Amino acid sequence: MEATVGLLFLLIGVSYGVETFCDARQDGAQCLGSWGGTVFVKLMDQASGAPRMDWMKGATLILRWRNNEIVANTIMSRSEFIPNNGTFRINNLRNSDSGKYTLNLFDSEGKEKRTRNLQLFVEGQSPIRVGAISALVFYLILLLVCIIILCVRSKKQKCKENLNADLIYVDVRVVQQQGRKSVKQNMEEEVEYSQIKTAGRNDVMPKSKTTLK
Ligand SMILES: *[C@@H]1O[C@H](CO)[C@@H](O)[C@H](O)[C@H]1NC(C)=O
């Protein structure tokens, strides 16, 4: 029981704890995330050097940076932008996080300076589902093993009982057969004796008859 609970927590922990790093400073970067895990996306060396920046997922704004300040973060509940090292961290990754991201860097005049694209792939299934399925499979195997052990044990006991019963049965049969044999022998002897007697009579009778005739 404890082992199963431990295994379950281990599975969930492993699935949740997956952290991936991704360097998005070059255009066309491809990043991998794990379902329920965390991805660190390095957007730039440090945010203080960039006066204006927008990070978009498709047409949706994710992060807006203006004059050394975070103006907007639309997924604030499960993400954080770290200006010191220009890294955007997204926790609790979901399948909908997969997709194409675009970083638009502007100069101080507000004109678009550079654009960098990044493709994020979030892989894996719900860790809870994976954990639940694993636990279920584990329980089924445990149950099967228990049943097999119980069966083997009960069979052994039955075998012993059967063996004892058989021995008694054999004893009884031997005794009975011995008894029967003696009766049979007596009967056979009697039969033989009577046959001899009758045969003798029969043999004698016609002879005597012929001798009489
Ligand atoms: C950026 O800084 C944060 C907080 O200090 C740290 O957790 C993270 O690993 C750093 N990321 C990179 C890519 O250096």
Side-chain angles (χ1 to χ4, degrees), residues 1-139 141:
M1 185 62 193
E2 274 173 44
T4 316
V5 171
L7 190 81
L8 193 73
F9 273 102
L10 195 79
L11 277 164
I12 291 169
V14 163
S15 302
Y16 268 122
V18 172
E19 286 185 355
T20 47
F21 291 87
C22 169
D23 194 346
R25 285 174 298 175
Q26 283 193 330
D27 189 35
Q30 297 211 325
C31 302
L32 216 65
S34 178
W35 200 102
T38 300
V39 67
F40 290 85
V41 184
K42 193 163 176 68
L43 297 172
M44 58 194 81
D45 293 323
Q46 56 171 57
S48 56
R52 290 167 181 223
M53 181 256 289
D54 282 346
W55 198 43
M56 321 276 291
K57 182 182 187 290
T60 312
L61 180 80
I62 302 285
L63 180 75
R64 177 158 285 172
W65 176 261
R66 295 283 185 277
N67 306 314
N68 293 325
E69 260 181 57
I70 298 162
V71 176
N73 180 355
T74 57
I75 53 167
M76 209 166 175
S77 59
R78 57 188 185 94
S79 72
E80 189 194 1
F81 183 59
I82 305 138
N84 278 347
N85 57 18
T87 304
F88 192 69
R89 191 193 71 217
I90 308 170
N91 300 322
N92 195 13
L93 285 168
R94 34 186 90 156
N95 292 340
S96 58
D97 290 327
S98 295
K100 190 184 165 190
Y101 291 77
T102 309
L103 181 71
N104 296 314
L105 290 161
F106 305 92
D107 58 20
S108 49
E109 287 157 17
K111 285 179 184 168
E112 201 170 301
K113 214 168 138 190
R114 266 175 293 169
T115 298
R116 291 177 201 154
N117 290 311
L118 139 77
Q119 195 82 36
L120 178 67
F121 303 96
V122 177
E123 289 187 329
Q125 257 198 338
S126 158
I128 293 162
R129 206 193 293 169
V130 170
I133 289 165
S134 305
L136 197 74
V137 168
F138 185 79
Y139 267 122
I141 290 166

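Each ligand, and each atom within it, is numbered from 1 in the order the structure gives. Worth saying up front: this structure is predicted, and the values here are computed from it rather than measured.
Classification of the Phe21-Phe40 ring pair by plane angle, with boundaries at 30° and 60°, yields parallel. Taking the six-membered ring where the residue is Trp, Tyr101 and Trp55 present parallel rings, their angle staying beneath 30° rather than reaching 60°.
Among the atoms of Lys42, none of the N or O lies under 3.5 angstrom from an N or O of ligand 1.
Those atoms of ligand 1 that come under 4.0 Å of a heavy atom in Thr87, given as number and element, are 11 (N), 12 (C), 13 (C). For ligand 1, the atoms lying closer than 4.0 Å to a non-hydrogen atom of Ile82 are 2 (O), 3 (C).
Of the possible polar contacts, one joining the Thr87 side chain to the Asn85 backbone as a donor-acceptor pair under 3.5 Å is found.
Protein heavy atoms are found inside the 4.0 Å sphere centred on atom 14 (O) of ligand 1.
Among all non-hydrogen protein atoms, the one lying nearest atom 12 (C) of ligand 1 is Asn85 ND2, 3.4 Å. Scanning the protein heavy atoms around atom 7 (O) of ligand 1, the nearest turns out to be Phe40 CE2, 4.1 Å.
A salt bridge is defined here as a Lys NZ or Arg NE, NH1 or NH2 lying under 4.0 Å from an Asp or Glu carboxylate O, and Asp107 with Arg114 fails to meet this definition.
The structure places CG of Leu32 at 4.5 Å from CD of Glu123, a figure rounded to the nearest 0.5 Å.
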